[in-house]
Number of protein chains: 2
Amino acid sequence: MKEREIDELVRGRLSERNIRYTAGRKALIKAVQLAGGPQSAAEIHKQVRRSVPISSLYRSLAILEAAGVLSLHQGKVARFELAEWLTGHHHHVLCIECGTVDDIELDEASEELLKRLAAEAGGQAGYEESGHRLEIEGLCRRCR
Amino acid sequence: MKEREIDELVRGRLSERNIRYTAGRKALIKAVQLAGGPQSAAEIHKQVRRSVPISSLYRSLAILEAAGVLSLHQGKVARFELAEWLTGHHHHVLCIECGTVDDIELDEASEELLKRLAAEAGGQAGYEESGHRLEIEGLCRRCR
DNA sequence: TTCCTTGCAAACGATTTGCATTGGA
DNA sequence: TCCAATGCAAATCGTTTGCAAGGAA
């Protein structure tokens with residue numbers, strides 16, 4: 001999708017919600033779009049420092065996320081787990097409501113499938129695959 | 001793997017590196033192990049507040065991670081991307097060397113497979129699956 | 001004795017908030 | 001005009017560090 005289209009879609013979504021699509025926000029969206037992967041506030045700020053002060057940057061990120069224009073690829077608190085040589089290879093399920101993260105193990109066939117799929121897709125992207133992880137999002141039992 | 005075994009493995013790994021396996025660290029490992037999923041420093045601290053002050057907690061987390069006993073499931077800076085209704089559904093490839101993150105799209109068949117696999121596995125874990133993401137790690141072209 | 005680890009307090013960096021001001025619909 | 005957005009500075013939160021004291025090898 002090209003810049004112009006995204007721009008129009010974002011403008012529409014925001015105006016429905018009485019949120020203004022100002023020059024600063026436009027710059028911010030453009031920076032994220034051009035990056036080609038998830039960006040931190042600092043990285044975005046690097047691209048828009050002249051036009052957007054850091055406080056507005058953070059405020060706009062929060063507003064745009066709440067409006068569904070941006071999505072949070074990973075949160076800001078570090079999370080630790082036992083290394084895989086202690087736990088065995090596994091994946092995660094995350095509750096979108098309460099934030100719980102549970103470990104899950106796939107059955108052997110699925111794991112084999114996934115491994116092959118990851119190696120294949122990684123290869124096509126020009127990467128020499130060395131690992132993969134699957135994160136499944138949803139509502140946990142308690143939040144349902 | 002049971003608590004006792006993990007304990008021995010950790011003790012071994014640490015002693016090789018001249019790192020002491022103190023009561024506080026043991027408590028910390030136990031807390032992570034019992035949690036069943038990646039834990040934040042705050043969550044771990046909740047379990048060991050009587051015995052481990054927050055500064056020691058953070059220090060031990062860093063030491064244990066460097067020793068390969070803990071692994072960081074997600075870092076501490078928030079990262080944003082455009083929502084999927086703007087970009088289309090996609091996944092990520094990460095270079096373990098330079099940290100680049102690239103978006104990739106799977107072919108339809110693989111995506112279908114993955115979607116089914118995620119819904120299935122999420123369901124078994126008691127989650128009502130609403131999404132999934134695959135992160136593939138490896139070496140990018142430039143780093144190879 | 002040696003040196004890793006601890007515990008407290010101070011320092012830090014990232015993020016948030018209060019408030020007066022600006023600017024778009 | 002009205003209310004969202006801005007910009008600065010102060011506050012806050014999670015995390016890190018300095019340093020003196022404690023404890024294991």
Side-chain angles (χ1 to χ4, degrees), chain A residues 7-8 10-32 38-81 99 101, chain B residues 7-8 10-32 38-80 99:
Chain A
D7 216 60
E8 274 319 304
V10 171
R11 177 186 308 288
R13 178 118 180 173
L14 294 184
S15 83
E16 284 169 10
R17 290 171 168 68
N18 270 64
I19 298 170
R20 295 180 192 153
Y21 193 36
T22 61
R25 289 174 183 179
K26 209 163 155 174
L28 187 169
I29 292 289
K30 185 175 173 185
V32 173
Q39 299 292 292
S40 66
E43 288 162 344
I44 300 169
H45 190 224
K46 222 172 265 172
Q47 303 304 125
V48 299
R49 24 169 133 270
R50 312 150 306 132
S51 50
V52 187
I54 195 71
S55 59
S56 296
L57 195 295
Y58 277 110
R59 267 191 281 232
S60 289
L61 287 176
I63 286 169
L64 292 169
E65 196 212 339
V69 169
L70 294 180
S71 72
L72 196 49
H73 168 253
Q74 61 166 240
K76 66 182 174 188
V77 301
R79 301 190 94 89
F80 295 86
E81 57 185 345
V101 184
Chain B
D7 217 59
E8 275 319 305
V10 171
R11 176 186 310 286
R13 178 116 178 176
L14 294 184
S15 84
E16 283 168 11
R17 290 170 169 69
N18 271 64
I19 298 170
R20 293 180 194 153
Y21 193 36
T22 60
R25 289 173 183 179
K26 208 163 156 174
L28 186 169
I29 292 289
K30 186 175 173 185
V32 173
Q39 299 291 292
S40 66
E43 287 163 344
I44 299 170
H45 190 223
K46 222 172 264 172
Q47 303 303 126
V48 297
R49 30 167 127 269
R50 310 151 308 133
S51 51
V52 186
I54 195 71
S55 59
S56 296
L57 195 297
Y58 277 110
R59 266 191 281 234
S60 289
L61 287 176
I63 286 169
L64 292 169
E65 196 212 338
V69 169
L70 294 181
S71 71
L72 196 48
H73 166 254
Q74 60 165 240
K76 65 183 173 187
V77 301
R79 302 191 95 88
F80 295 86

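Letters A, B, ... are given to chains in the order of the sequence lines, protein chains preceding strands, and every chain is numbered from 1. Bear in mind that the values here come from a model prediction, so they are computed numbers and not experimental data.
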Working to the nearest 0.5 angstrom, can you tell me the gap between A:Y21 OH and A:S15 OG? 12.0 Å

Starting at atom CG of B:L72, determine the distance to atom P of D:dG14, rounded to an integer number of angstrom. 17 Å

Rounded to whole angstroms, how far apart are CZ on A:R17 and P on D:dA5? 13 Å

Can you tell me if A:K76 touches the phosphate of C:dG13, counting only side-chain N or O atoms and a distance under 4.0 Å to OP1 or OP2? no

Rounding to an integer number of Å, can you tell me how far A:L64 CG sits from D:dA5 P? 9 Å

Rounding to a whole Å, what distance do you find between A:L14:CG and D:dA5:C1'? 13 Å

Within residues 49-57 of chain A, which residues have any heavy atom lying less than 4.0 Å from an atom of DNA chain D? A:P53, A:S55, A:S56

May I ask you to decide if B:R20's main-chain N or O and B:R25's side chain share a donor-acceptor pair within less than 3.5 Å? yes

To the nearest Å, give me how far apart NE2 (B:H45) and C1' (D:dC13) are. 15 Å

Side chains of B:L64 and B:I19: closer than 4.5 Å at any heavy-atom pair? no

Main chain of B:V48, side chain of B:S51: is a donor-acceptor contact present, judged purely on distance under 3.5 Å? yes

Does any donor atom in the side chain of B:R79 or A:S40 lie under 3.5 Å from an acceptor atom in the other side chain? no

d(CG, B:N18; P, C:dT2) in whole Å: 16 Å

Please give me the minimum heavy-atom distance between B:P38 and A:E81, naming the atom from each residue. CG-OE1, 3.7 Å

Using whole Å, report how far CD1 of A:I19 lies from P of C:dA25. 14 Å

So what does B:A41 touch, heavy atoms closer than 4.0 Å: a base, only the sugar-phosphate, or nothing? sugar-phosphate

Can you tell me if A:S56 uses its side chain to pair, donor with acceptor, with the backbone of A:V52 under 3.5 Å? no

Any ion pair linking A:E16 and A:R13 (charged N to carboxylate O, less than 4.0 Å)? no

Strictly under 4.0 angstrom, non-hydrogen atoms only: write out the protein contact profile of nucleotides 19-25 of chain D, one letter per nucleotide from the 5' end, B, S or -. B---BB-

Toward the 5' end of DNA chain C, which comes first, B:I63 or A:A42, by nearest nucleotide? B:I63

So that I can tick it off, tell me whether B:E8 and B:R11 are bridged by a salt bridge, with the cut-off set at under 4.0 angstrom between side-chain N and carboxylate O. yes

What integer distance in Å separates A:K26:NZ from D:dT6:C1'? 18 Å

